[in-house]
Amino acid sequence: MVAPESRDMRDPANHALPSRPNTGAPRATRPRPQYAQRSLIIGLILSFVLIFWTVQLFILMTSLDAYLGHEHGLLWPAALSSLLLAALTLVLVRLIPKEPRRD
């Protein structure tokens, strides 16, 4: 009777068990977004920034019109809403990474 071909146990490709057994709960890691996903996120952030800048320009035009029309009651709410939009824009711009990740 011929014995089946024996495998060399020193070959790491033949080991069925890992070198370090997994003990404990598996690590909860989020997968890194791929290049296309990051590009989509950055594109969405920039589109929101563009929308916020457009709204700020509209607020500036209406507040200048109100100032020239001597309607001073509209100026403080316009200034506060413009500051709020500027803060939101700054937060969104800070979310954009300075340099791309190397995967």
Side-chain angles (χ1 to χ4, degrees):
M1 189 163 174
V2 177
E5 196 176 302
S6 66
R7 295 185 180 172
D8 187 9
M9 292 305 290
R10 289 175 289 185
D11 187 8
N14 292 332
H15 287 273
L17 295 175
S19 60
R20 270 188 352 195
N22 292 333
T23 57
R27 293 178 54 199
T29 58
R30 279 191 290 174
R32 297 178 97 186
Q34 298 298 320
Y35 177 77
Q37 291 171 336
R38 286 194 304 252
S39 297
L40 177 69
I41 291 170
I42 290 173
L44 286 173
I45 288 173
L46 290 177
S47 63
F48 274 109
V49 166
L50 183 64
I51 289 169
F52 289 161
W53 281 348
T54 305
V55 171
Q56 271 190 299
L57 184 62
F58 177 75
I59 290 172
L60 175 68
M61 289 189 307
T62 55
S63 62
L64 284 176
D65 187 46
Y67 178 74
L68 291 174
H70 301 290
E71 298 174 13
H72 300 291
L74 185 66
L75 296 179
W76 282 110
L80 290 176
S81 61
S82 181
L83 283 174
L84 177 68
L85 283 172
L88 284 173
T89 302
L90 182 66
V91 167
L92 285 177
V93 168
R94 290 183 60 109
L95 288 176
I96 298 173
K98 303 241 183 318
E99 62 184 54
R101 287 186 195 170
R102 289 176 174 70
D103 288 333

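Because the structure is predicted, anything quoted here is derived from the model rather than measured.
One hydrophobic cluster, built from ILVMFWY side chains closer than 4.5 Å, holds both Phe48 and Ile96. Residue Leu95 is grouped with residue Leu46 when hydrophobic side chains (ILVMFWY) are merged at heavy-atom distances under 4.5 angstrom, including chains of intermediate members.
Between atom CD1 of residue Ile45 and atom CG of residue Leu40 there is a gap of 10.0 Å, rounded to the nearest 0.5 Å. Between the CD atom of Gln37 and the CD1 atom of Ile41 there is a distance of 7.0 Å, given to the nearest 0.5 Å. For the atom pair OH of Tyr67 and CG of Leu60, the computed distance is 13.5 Å after rounding to the nearest 0.5 Å. Taken from CD1 in Ile59 to CZ in Phe52, the straight-line distance is 11.0 Å, to the nearest 0.5 Å. Rounding to the nearest 0.5 Å places CE of Met61 at 5.0 Å from CG of Leu57.
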Side-chain donor-acceptor distances from residues 73-86 under 3.5 Å, at least two apart:
{"unit_1": "Ser81", "atom_1": "OG", "unit_2": "Pro77", "atom_2": "O", "d": "3.1"}
{"unit_1": "Ser81", "atom_1": "OG", "unit_2": "Ala78", "atom_2": "O", "d": "3.0"}
{"unit_1": "Ser82", "atom_1": "OG", "unit_2": "Gln56", "atom_2": "NE2", "d": "3.2"}

Given Leu88 and Leu92, is the side-chain contact (heavy atoms from CB on, under 4.5 Å) satisfied, shown in steps?
CA-CA 6 Å; Leu88 284 173; Leu92 285 177; 5.6 Å; no
